[in-house]
Amino acid sequence: RYEVDGNQFSLQPWVAGDEATEGESEAVAGFGVPTESMTAECVTKKLDDGIKFAAGEAKSESRSYEIENLLQNTGSGDGANWSRPILFYPDGSSTDAFVIVADEQQDAYRVQLRGLTGTSSMGDEQKLDDLLTAIQPGEVTP
């Protein structure tokens with residue numbers, strides 16, 4: 001997840017019920033749940049000074065519903081406006097998503113993530129206003 005209109009991003013592993021090891025009694029078959037050790041493994045980092053996440057969107061899908069619901073209900077408690085999570089799966093796929101990062105001079109890049117393959121691509125440098133006006137409501141892929 002990333003902080004909308006901020007410079008923080010958070011990385012956290014997720015263990016699904018079918019990936020749980022013996023002794024992880026909190027895991028329910030078919031659903032993912034964070035474990036106490038996962039909470040400790042959540043890492044929050046920052047972009048370089050002057051760079052921020054200006055906008056973005058991640059496609060909501062059935063296999064990410066449980067994770068999104070849990071993250072929304074628990075919150076981070078730090079006052080940050082966190083995005084919907086962007087998930088990477090063991091089969092190499094990911095959530096369809098894009099993020100626009102911008103600097104203080106309003107120069108910006110759109111970073112696109114293709115869910116089927118988990119590959120990313122970065123667009124050409126543009127002015128932030130131009131990238132923002134090009135976004136269609138509900139758009140995740142161009």
Side-chain angles (χ1 to χ4, degrees), residues 1-21 23-104 106-142:
R1 298 187 308 162
Y2 56 90
E3 179 186 16
V4 179
D5 208 31
N7 69 344
Q8 297 183 87
F9 60 98
S10 176
L11 306 169
Q12 183 174 8
W14 185 263
V15 178
D18 57 352
E19 298 168 353
T21 59
E24 290 180 338
S25 60
E26 295 179 26
V28 177
F31 294 97
V33 293
T35 63
E36 288 180 23
S37 62
M38 285 182 55
T39 303
E41 292 178 32
C42 181
V43 176
T44 300
K45 296 185 176 189
K46 292 185 176 188
L47 298 174
D48 291 340
D49 289 340
I51 308 293
K52 70 176 183 176
F53 294 102
E57 186 61 62
K59 184 177 180 181
S60 183
E61 51 189 27
S62 61
R63 64 181 178 169
S64 65
Y65 174 77
E66 194 71 24
I67 298 168
E68 289 180 33
N69 191 37
L70 180 74
L71 290 173
Q72 184 178 34
N73 290 334
T74 58
S76 62
D78 62 5
N81 180 20
W82 291 101
S83 70
R84 172 178 284 142
I86 299 173
L87 306 174
F88 294 87
Y89 299 99
D91 66 0
S93 64
S94 68
T95 304
D96 280 318
F98 76 90
V99 176
I100 296 174
V101 291
D103 65 14
E104 294 171 330
Q106 303 301 302
D107 294 324
Y109 293 92
R110 178 180 171 132
V111 180
Q112 187 72 43
L113 184 61
R114 184 168 186 240
L116 182 63
T117 60
T119 57
S120 63
S121 60
M122 187 169 76
D124 295 330
E125 180 181 321
Q126 296 183 40
K127 287 298 180 184
L128 178 59
D129 288 341
D130 294 339
L131 282 173
L132 294 176
T133 57
I135 297 172
Q136 300 297 318
E139 171 195 23
V140 175
T141 56

As a quick check of understanding, evaluate side chain to side chain contact (heavy atoms under 4.5 Å, CB included) for L47 and Y2, giving each step before the final call. CA-CA 10 Å; L47 298 174; Y2 56 90; over 6 Å; no
(Q) Are the side chains of F53 and S83 in contact, using a 4.5 Å heavy-atom criterion? (A) no
Output for pair (D96 CG, I86 CD1), nearest 0.5 Å, gives 10.5 Å
Heavy-atom closest pair (G118 atom, L113 atom, distance to 0.1 Å) is O-CD1, 3.6 Å
Taken to the nearest 0.5 Å, the spacing of C42 SG from L11 CG works out to 7.5 Å
Taken to the nearest 0.5 Å, the spacing of M122 CE from D124 CG works out to 8.5 Å
In this structure, OG1 of T44 is separated from CD of E3 (nearest 0.5 Å) by 10.0 Å
* Any donor-acceptor pair under 3.5 Å from T95 side chain to L87 backbone -> yes
Heavy atoms from other residues, nucleotides or ligands near CG of D91 exceed 12 (cutoff 6.0 Å): yes
- Message: Check whether T133 reaches the backbone of D129 with its side chain - one donor and one acceptor, N or O, closer than 3.5 Å.
- Response: yes
In this structure, CG of L131 is separated from CD of Q106 (nearest 0.5 Å) by 11.0 Å
Closest non-hydrogen atoms of L132 and A55, given as atom of the first, atom of the second and distance, are CD2-CB, 3.6 Å
Distance col, row Q126:CD vs I100:CD1, nearest 0.5 angstrom, shows 8.5 Å
- Task: Check whether the side chains of Y109 and E125 place a donor and an acceptor atom closer than 3.5 Å, and report yes or no.
- Result: yes
D49 atom CG: more than 12 heavy-atom contacts under 6.0 Å
no
| message | Checking Q8 against R1 for the side chain to side chain contact (heavy atoms under 4.5 Å, CB included) test, could you report, in this order, the C-alpha distance in whole Å, the side-chain angles of both residues, the deciding distance, and whether it holds? | response | CA-CA 9 Å; Q8 297 183 87; R1 298 187 308 162; over 6 Å; no
_salt bridge (Lys or Arg N to Asp or Glu O under 4.0 Å) between K127 and D107, worked out_ = CA-CA 5 Å; K127 287 298 180 184; D107 294 324; 2.8 Å; yes
Minimal heavy-atom distance between V140 and F98, with the atoms involved, is O-CD2, 3.3 Å
Worksheet item: Are the charged groups of E57 and R84 less than 4.0 angstrom apart, N to O?
Response: yes
